[in-house]
Amino acid sequence: MTHPGFAIGGARTMLAALALATAGAASAQAPAKAEKPQYGGALSIGLVYYTVSPLSFDAADWPWKHNQDTGLTYEQLFAADLSKSVRNGGKFPFISDAFLPPDGKRGELAEKWELLQNPWRLEVQLRKGVMFPAKPGVMAAREMVAEDVVYSYDRLNKSPKKISGYFDHIEKVEAKDKYSVVFTYKTYNAEYDYRFGWGYYSAIMPKEVVAAGASDWKNANGTGPFMISNYVQGNALTFSKNADYWDSETIGGQAYKLPFVDAITYRVVKDEATMMTALRTAKVDVLEAVRWSAAAELKKNAPKLQWNRSLANGGLFVAMRVDTKPFDDLRVRRALNMAVNKTEIIKSYWGGNAEMLGFPMHPAWVGYYEPLDTMPESVKELFTYNPTKAKQLLAEAGYANGFTFKTQTTSASTDNDLLSMVAAYLAKVGVKMEIQVMEYPAFMSAMGTKTNAPGYYMFTGATNPTTSLRKNFIKGQYWNPSQYTEPEFGKKMAEVYAEPDERVRQIKAKLMTREILEQAPYIWLPTPYVFSAWWPWVKNYGGELRAGSERPGPIHARIWVDQEMKKKMGF
């Protein structure tokens, strides 16, 4: 099978032929009429991944959930500009797990910044007067300064758990003075601000926390609007207000000191039904992830709930290890895709609430996404149910009588029923899939150590256009359960990162997406729509999910609670 090349002229010619599409973004909402905020009260929130407990409180452990769990406490250089949300009359839903367009970004700890050339470098001026609060047994209150940024970067860069190649574009990070930091780059990298700025591993942590033990939640201490006050594993993570927090929120033309509520609790509940009951009975004020079937039921039983619908920001798939027989044969991988009736899955499993193609490029990434109907036939047929051709390809590959393979999944998944459906489809073409259910830490460890089974079922965040291709399909990457290692694909990935012209970068990413879809290292499964729900007393909120990389903290810090309304409604 041949693949499209990356000649710039050819890429530019492709521009006219490659359709752009947007779908599945947050529902359009008119700007809400400003109400005067109230201070006080508490919030109970079920996060997007409410079944998964915090993985680590130390950013240097490189835990993907760190920002979700500690983003109220630890801040970063940049964050989403929430004043530009759809709810406020802007164009950004702030749903994507790790995609901030340049005009949807604001400085958080950074007051101003500039990207310069010769050499490529990012010069950052920090805000003055931002304080780390006092933490008994850990540190006295003191100002956050440039050395804290340098220290945080250096510690991440020296961590043995660092993602391979993540900071290879950075030559050095220096504090030029008390409030100025310069990132000098070896080469341009299109993700320079994401890699260390608003990314998964961009938290600014003081050295005093590290000295006390950064992995212990009791020692966590950042510049953010809340401090961690309690943690019960598998149950709840609780935050109390940082009274000395620096930031404010402008509502109705007036600035209000943040945060509004006194306490926030993130609930951890492994059982989906239990969490739905907690929402229905207002034990939870906000639930960020509700599947379509539960949403339909809740709309009947709790009609006062407010709703937002968006296309899930990630991919659901069965990865097939291309370094293991029989999945080293492209015919086998394509056959298994054709053996699964994806149209029926959308109809019967998702109740029509899913899109056939939403990964590895998400429809909300304007300029990067190409809809299925403009893809080559070699891609389209992977999404078309054709068990006859699947059997033919299996026979050609030497597996006329099928084969048996093991697929691992986690007990934290709420979609293991779908995996059973996939197994039933495969059985019809003679392929037996044995399902192994694992606890989440063991499941993640298997992928991280490259000891995962030939089949690996998971949902992974799409992240952003370039990271989605890099983390899933480049050699040595942690989030590459198929162990896809095509050298030419890696070279093209490097070209994409080195391209400052986003228009050209978009075309190259589209061509790479075509290529990886054709190569079928995964059984590509539909991308579902998900719902967010909240009670009407939750104010200054419209279903936004992330203000950075899996970081809802700045969103939650801006919510206020109409306590009188809550009381009148009987809660």
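Any value given below was found using the heavy atoms of this structure, including those in side chains, with hydrogens, waters and symmetry copies removed.
D247 and R558 are joined by a salt bridge, as a carboxylate oxygen and a charged side-chain nitrogen come within less than 4.0 angstrom of each other. A salt bridge between E550 and K65 is absent, with no side-chain N of the basic residue lying under 4.0 Å from a carboxylate O of the acidic one. Note on E297 versus R280: no salt bridge recorded, every NZ/NE/NH1/NH2 to OD/OE distance being 4.0 Å or above.
E355 places no side-chain N or O within donor-acceptor distance of the main-chain N or O of P526, the cut-off being under 3.5 Å. Checking side-chain atoms of T281 against main-chain N and O of T277 turns up a donor-acceptor pair under 3.5 Å. Side chain of D81 to backbone of D103: no donor-acceptor contact under 3.5 angstrom is found.
Between Y39 and F260, the ring-plane angle classifies as tilted under the 30° and 60° cut-offs. Taking the six-membered ring for Trp and thresholds of 30 and 60 degrees, Y522 and F359 have nearly parallel ring planes, at less than 30 degrees apart.
For Y457, the ring-ring contact (aromatic ring centres under 6.0 Å, His included) criterion is met by no residue, not counting sequence neighbours. The side-chain hydrogen bond (donor to acceptor under 3.5 Å, both in side chains) check on S293 picks up nothing, with sequence neighbours excluded. In this structure, Q563 has no side-chain hydrogen bond (donor to acceptor under 3.5 Å, both in side chains) partners at least two apart in sequence or on a different chain. In this structure R505 satisfies the salt bridge (Lys or Arg N to Asp or Glu O under 4.0 Å) test with no other residue, sequence neighbours excluded. For F92, the ring-ring contact (aromatic ring centres under 6.0 Å, His included) partners at least two apart in sequence or on another chain are F94. Under the salt bridge (Lys or Arg N to Asp or Glu O under 4.0 Å) criterion, E439 pairs with K270, not counting sequence neighbours. For F183, the ring-ring contact (aromatic ring centres under 6.0 Å, His included) partners at least two apart in sequence or on another chain are F196. Applying the ring-ring contact (aromatic ring centres under 6.0 Å, His included) test to Y266 and every residue at least two apart in sequence or in another chain returns F239, H556. Listed by chain and number, the residues in a salt bridge (Lys or Arg N to Asp or Glu O under 4.0 Å) with K162 amount to none (sequence neighbours excluded). With sequence neighbours excluded, no residue forms a salt bridge (Lys or Arg N to Asp or Glu O under 4.0 Å) with E75.
In this structure, F317 has its ring center no closer than 6.0 Å to that of Y456. Taking the six-membered ring wherever Trp is involved, the centroid distance between the rings of F531 and W292 does not fall below 6.0 Å. Within the 6.0 Å centre-distance limit, the rings of W62 and F167 are counted as a close aromatic pair.
Between the CG atom of L517 and the CD atom of E370 there is a distance of 9.0 Å, given to the nearest 0.5 Å.
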Check against side chain to side chain contact (heavy atoms under 4.5 Å, CB included), V290 and L298: CA-CA 10 Å; V290 183; L298 283 163; 4.0 Å; yes
What's the verdict on side chain to side chain contact (heavy atoms under 4.5 Å, CB included) for V496 and R470, showing C-alpha distance, side-chain angles and the deciding distance? CA-CA 10 Å; V496 170; R470 186 263 304 164; over 6 Å; no
Using the ring-ring contact (aromatic ring centres under 6.0 Å, His included) rule, take W64 and Y478 through it: C-alpha gap first, then chi angles, then the decisive distance, then the call. CA-CA 11 Å; W64 69 268; Y478 182 92; over 10 Å; no
For K471 and N480: C-alpha separation, side-chain torsions, deciding distance, then whether side chain to side chain contact (heavy atoms under 4.5 Å, CB included) applies. CA-CA 6 Å; K471 76 172 187 176; N480 183 358; over 6 Å; no
For N353 and R291: C-alpha separation, side-chain torsions, deciding distance, then whether side chain to side chain contact (heavy atoms under 4.5 Å, CB included) applies. CA-CA 9 Å; N353 290 278; R291 73 162 75 214; over 6 Å; no
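Within a 6.0 Å radius of NZ in K257, more than 12 heavy atoms belonging to other residues, nucleotides or ligands are found. Counted within 6.0 Å of NZ on K283, heavy atoms from surrounding residues, nucleotides or ligands total 12 or fewer; the atom is thus considered open. Atom NZ of K299 is surrounded by more than 12 heavy atoms from other residues, nucleotides or ligands within 6.0 Å.
Among S215, S56, S159, the one residue that satisfies the side-chain hydrogen bond (donor to acceptor under 3.5 Å, both in side chains) test with D61 is S56.
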Side-chain donor-acceptor pairs under 3.5 Å in residues 564-571, sequence neighbours left out?
from : atom 1 : to   : atom 2 : distance (Å)
E564 : OE2    : K568 : NZ     : 3.3
K566 : NZ     : D285 : OD1    : 3.4

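Between T51 and V269 the shortest side-chain heavy-atom distance does not fall below 4.5 Å.
Smallest separation of non-hydrogen atoms from A59 and H66: N-NE2, 3.4 Å.
Residue pairs meeting the side-chain hydrogen bond (donor to acceptor under 3.5 Å, both in side chains) criterion with at least one partner in residues 193-202, sequence neighbours excluded, are D97-Y200, K105-D193, E191-R195, D193-W198, R195-Y497.
In summary, the side chains of N230 and T238 do not present any donor paired with an acceptor at a separation below 3.5 Å, with no hydrogens or angles considered. No hydrogens or angles considered: nothing links the side chains of S532 and N308 as a donor-acceptor pair under 3.5 Å.
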